[in-house]
Each structure stands twice: as C-alpha cells, then as structure tokens.
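Everything below concerns the one structure shown next.
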Amino acid sequence: MPSQPPTARGPRDPRRRLLRSLVAVALPAASMSVGSLVIAASAWAAPTSVPATLTPAVATGTNNWYRGPVTLNLSATDGAGGVQRLEYRLGNAAPFQTAVSAGSPYPGTLTGSVEITQQGSTTVGYRAVSGDNSVEATRTITVRIDTVAPVVSWPGVVAGKVGHTATLIPTRTDPAPGSGGVFIHKMWIDQIETTPLPVRTSTLSTGAHTISVVASDAAGNAARFDQTFVVTTSFAELGTLIDGFASGGSIGAGLAADLQAKLAEAASLAEAGNTNQAKRALNQFVAAAQGGSTSGQVRDTLVGDARYLQQQIAGELPADPATGMIVTPVAGPDPIAAAVPLAASTNFPGAKFRVLYFSATKGFRHDHIPDTALLVQQWGQRYGFDVDIWDPRLAPASLASTPFTSGADLAKYKTVIFSSPVDGTNANSPASADALNAAELAAFQEYIRAGGGYLALHGASDAIHNVPWYRDLVGAWFTNHPGGQNGEGTCGSCINVRVNTEDTTNPATAHLPKTWLTIDELYNFDHNPRAEVHTLLSLDEESYRRSLNSGNAANNPLPLMGGDHPIAWCQEYDGGRAFSFILGHDRAQYYRDSFTQILLAGMNWTAGQVDANCSTFRQTRTFITAGAAAGTLTPESAAAAAALLDDAQAAYLRQDYNAAGNSLNKISAITGSPAAGTAAARDELDRQARQLRSWMSALKNA
C-alpha cells in the first residue's frame, strides 16, 4: 500500500488515551482547536533510525561509484509506540516509498532493505514512521551508480571518409546521468599503440585505416572503439599539404613552387578531360618529389597522393573497404583497497640495515602515501632491511615523535625516503609550516653531509621551497602540472605519456625499454635540472602536449618545459647520495613491477647497497673548485680541467657524446701528471672524469 501522510493523532497507548480524556474534560469546547490540542499534547519522541548502510560496503567502481545495484539497509527503533514502517525516496523531490512495514502490534525495532538501481548520483532520503504515525526527520545518504560505458565518436569522419588535411579529435560522452570524466586509456593507429593525441590525417597514407581507443568513465565502465575509415585526397588538398610542408621546413621553397606548378597543370588537364596528359603531369610531380630533399614521410605522402589522383581521374580507384565503428565492452580500472602499513618500526630477522620512510604533510596530501609505505615495508621483509615511518597521519604505524633530531641520530638510517612530504612553501599551497623545521633541516643536512642517502619520490619536489640547498638536493622544485580526467580510475590528474630511458646502464633503469608508455601526474619544474644531475628518464613532451585527456590541450597545447623534460635522476651531492623519481602520483603505479623496480633500485643505491654511475658535471666542477682552493690541485691544472669540463658539458647538452668523451679524456691526461696536484686529488678527479666518460659512452650507445 502507498505510505500514508503523517497525522497529528496521538499514539495507540493507554497513557496517551488517558491524557486525551483528561484534556477533553478540563478544557471548554470553545478551546478545543487544533492549535490548542498541539500545544497541550505530550511531546512523544518520533522513532530513531540508525545511519543507513550500503551493500556492498565498498564501491564496486572507481571514484566511489558503484557499477551495479546497491542494497540500502535501514533500521529504526521506537520503544514506546513501535515502528510501523521504514520509508525511502530517490531524490529530494521524489515521493517516499515503503521499504518495509510491520503489522500491529508494531515491533520496537524494524529493519529492512531495498535495492537501488537508479543511475547517477542520487540523494536517498530515508525515515521511520512510528505506530502512531509520528515521523522522524529525514536522513540522507548518497548512492552513486553508473553501469553504462562511455561513447566515443569521430565527427571528422563522414560516411566513412575523411580528407588528407583533417585533424581528427574524438567526441567523448558519458550517457546521462553517468559519472562523466571520460578518459582514453589506450590508443592505437593501425594496431600501433600511441598516446591519445589528435590524429593529423596528413601523417596517414590514402586508403583504409583504423583508430582504436579504450575509454572509461569515472565509475570504471569501459569499452573499446574501433573506427575504420578511408583517407581521401584531392588536388586542392595536395596543394594545401605542399604549403604546410614548406612552411614547416620539410621541403624548400623552390621545390614547393615546382610541385605546385606541376600540380596546377595536372589539375587543369584533368578538369579539361585530358586524362592521359594529366597523369603524365602527375608523373612529373612524382619525379620531382622523389628527387627533392624531402624526408621519408613527406616524400611518401606527396608520391602517394599523386598516385591516388592518377587513379581517381582514370576511374581506377579500388572499391572502398567496409568502414564504421565496432564497440566492444572491456574491463575498466578497478578500485584499489586502502593500504595499511604494518607497524611503526619493523624488526625483521636478519635485517642488514634500516631506512626511514618520511611522508608527513603540511600541504596537499597524496593518496599514494599509505600504499608506498606498505610497499617499502614489504620490501624490507623480503629483502632484509627494517623500516621506520615518520608521519603522524599514519598512526599507529608512525613513530611517536620526529626522528630528525640530529645527524648522529639519523645515522642509523642508510637512507631516508621522502615520499611526497608536501608542505605549504609552494605559492600554490595554503601557507603552513615547512616539511622540516629549522632544527630538523639542520639535522638532515648534517646527515647528508656525513654520507647519508636520500630518495625523493614525486611530491618531495614540492617541499621546502625556501631553501636552495634542498632544491639542489632534490634537483628541481615543482611548479605545476597539467590536469586529467577522473575516468582514469585511480588518478584524476594523470595523463598518458611516453617516457624515454636515457641511461640504460643504471640498475634503476636497466630493465626498461628505450621508450615506454605510462599514465601519471606530470610535473613541471622551476628550471631544467639536466645540467646539474645525472638524468635517467625524461618525458617525451610531444606525446602529451596536445593530450586528448587534458582539458582543451588538443586545440591549445599545454605549456610544458620546452621539449627537454627530465623526470628521474640521481647524483652525489654535498657528501650524500640522492635519487629523485618524480613520477608516482598514481596509486596504481605501486602495484606495477616495472615501476616499483625503479624505486627499489634507487633506494638500494642511496642506501649504499648497490653500485651505480650517478656522476654529474656539477659534482666534478665542485671538486675542481675545492681542489684549487685547498691547493690539492695547482691553479693551472684546475683551470685547464675546468675548461675541459665546460666543453664536455656543453657537448653533452647538445647530445654530441663523442665530443664530450674526448674532452673528458683530456682531463684524465691532466691527472696523469704528478705536477698537477696531490696524488689523492688527481686520483679522485681521474675517477670522476672516467665515470662521466662512461656515462657519455652509455648515452652514445643507447
């Protein structure tokens, strides 16, 4: 039966009936108004619901969305009149419906449940009605359900065809009332994986092609979309391509003018119906394109379009293949259960050393912090080292007080992991204290200068922005990052990127391919640290500067770092060992072996457990300057070595690794002369020059 509206009647209780009788006797008839009865009635309490719960208790999709029906569990108590029914409504303006009801005599406690299937984010109201129809105030709970995958289309493809000068940008929608935030996880062009970018058809040959994408919404519903289409061309489009190649510097102005003249001749002949002569003019076009100084792709495009036009004017084009969109449901990202670190201090049998995991935040807090803490502890158990955690928000897994008390106290740690200890010193953050106060920073500096280890992870570069020493230690300070779509699943600010492995000889990166794809939050920095550090990994900015997953970047390119974008590096700095890995915002990264191997090797190197070449030009320049000041290197030898080092660094920065190696060889020649300085100083300078030369050799052979 439909629920009845509440009334002002008293409860079905002898005490309440007696009260009504006494009121009727005591009051004159003229005063027996509704208002006077309400004032005189006893204020019996309405039933009380306990907060509703949902089953499953944890959302089955990402971003707290469910990807299926949800059971709403209700319970209420009324010790006086009992509970007649439990009601709910789907939305603030919807009518209440009965979830469960009871017959008289009404129970003191009534429980029940109802399945919710309504799509979208719904404010579910619920309340209990007592045996005398007293109604409690409405409580609410939000239920978010989305079971429908997003939709991707390519509006530039019309009737299965697209011209040769188009730029294809997909339209992505999540059917209302969906979770939104559609993210393209993967993209292929003719089965070759790429990052999600606009597709310039000028980079494709004429004929059939397929663009495939996997897209998911914020709830994690996903599908694969395979769009097959045909690229066509025309005389006008080929002329536009020639102009574009010329303005971009792919072909010279003279060749461009010659090609345009031959193309215009062919077009005029074709329009006049002189097919054979038009084909001959296009053959001349092909010969000019093949004989000109053009790159392979540009040459192939020019020749291919000319051949297409020859077939077109002769009516010899092959029949169009089947085109259209094929949609296939696929598994989307799943939520990752909350991680819980093991303990404040681990003491594993046979542990060979101890590390400190530091993630206390006084600014933005990254949600990867518990996952990373647990990962490091699991490594300790597996590989034989102990872990202390300092982060009050990870209590009870955290130490009770700061371990940054003195360099001597910190010396018990082989390395300190700065796991995104973001503070308020960044201008983008609310003002707050530094990650380390002055005394703690002094203790940490003492520790590093005594040979300590430092592993900087992601937001470690967004801390202590007011201390230049720390910037030099971490390598560069965070300034900003492009945004993403929360349909990625575990990181709403992440986008796709191609990563370049620069040093394949380092233990942290030796397992990686030359280039690889990942999805993460991509920091920009206050400066390019390449000249100061030993770069291990860098971002290919062209792989995401026009990312389909970052706002309007497809049409307005993202402001990045100018093309050269280191993202992981190592160095020996101020007596200590520092490894900075500035990816790692996405929680999912800490469950991917290829990613965590980088972090593990970096930790082991900073802890002195493995050897690695982390030489830098800054380290050697500092050594030469100090040697000249101390007299361990003669002024003449120091000046000559510094000049050669400058030459080597300049060659390195322009990627002339042969020239860099030659200059470094000459430094070794200087150190071979006993007159250049003390034996110890000459030996150390020679060691550093050889390490730099080995690095240059690795880069040359990569």
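This is a predicted model, so every value here is computed, not measured.
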Any side-chain heavy-atom pair of Val497 and Thr195 under 4.5 Å: no

>> Atom CZ of residue position Arg592 - does it have more than 12 heavy atoms of other residues, nucleotides or ligands inside 6.0 Å?
In response: yes

On a heavy-atom basis, the closest approach of Ser668 and Arg693 is OG-NH1, 3.5 Å

dist Arg299:CZ -> Gln297:CD (nearest 0.5 Å) comes out at 11.0 Å

Of Asp190, Thr323, Thr201, the one forming a side chain to side chain donor-acceptor pair (under 3.5 Å) with His209 is Asp190

query = Taking C-beta and beyond as the side chain, do Asp540 and Val499 meet within less than 4.5 Å on heavy atoms?
reply = no

Query raised in the report: Between Ser538 and Glu502, is any side-chain donor less than 3.5 angstrom from a side-chain acceptor?
Result: yes

Between His481 and Tyr523, what is the ring plane arrangement, given parallel below 30°, perpendicular above 60°, and tilted in between?
parallel

Interatomic distance, NE2@His585 vs CG@Asp367, rounded to 0.5 Å, equals 6.0 Å

Do His368 and Tyr590 make the cut of ring centroids closer than 6.0 angstrom? yes

TODO: State, with a plain yes or no, whether a side-chain heavy atom of Pro150 is found less than 4.5 Å away from one of Arg172.
DONE: no

Interatomic distance, OG1@Thr228 vs CD1@Ile211, rounded to 0.5 Å, equals 9.5 Å

Exercise. Check whether any side-chain heavy atom of Trp477 sits under 4.5 Å from a side-chain heavy atom of Phe525, and report yes or no.
Key: no

Tyr652 vs Trp695 aromatic rings, parallel, tilted or perpendicular, using cut-offs 30° and 60°? tilted

**Item:** Gln311, CD: over 12 other non-hydrogen atoms inside 6.0 angstrom
**Value:** yes

Can we call the ring centroids of Phe364 and Phe478 under 6.0 Å apart?
no

Distance col, row Ser179:OG vs Ile145:CD1, nearest 0.5 angstrom, shows 12.0 Å

Smallest heavy-atom separation, Ala612 atom then Pro507 atom, equals CB-CD, 3.6 Å

> Going by atom types only, do His164 and Thr232 share a side-chain donor-acceptor pair under 3.5 Å?
Replying inline: no

Stepwise side-chain hydrogen bond (donor to acceptor under 3.5 Å, both in side chains) check, His534 with Gln619 | CA-CA 10 Å; His534 186 117; Gln619 176 191 7; over 6 Å; no

Separation between CG (Asn555) and CZ (Arg546), nearest 0.5 Å, reads 7.5 Å

* Asked: For atom CG of Leu653, is the number of surrounding heavy atoms from other residues, nucleotides or ligands below 6.0 Å larger than 12?
  -> yes

The reported gap from CG in Asp305 to CZ in Phe285 (rounded to nearest 0.5 angstrom) is 7.5 Å

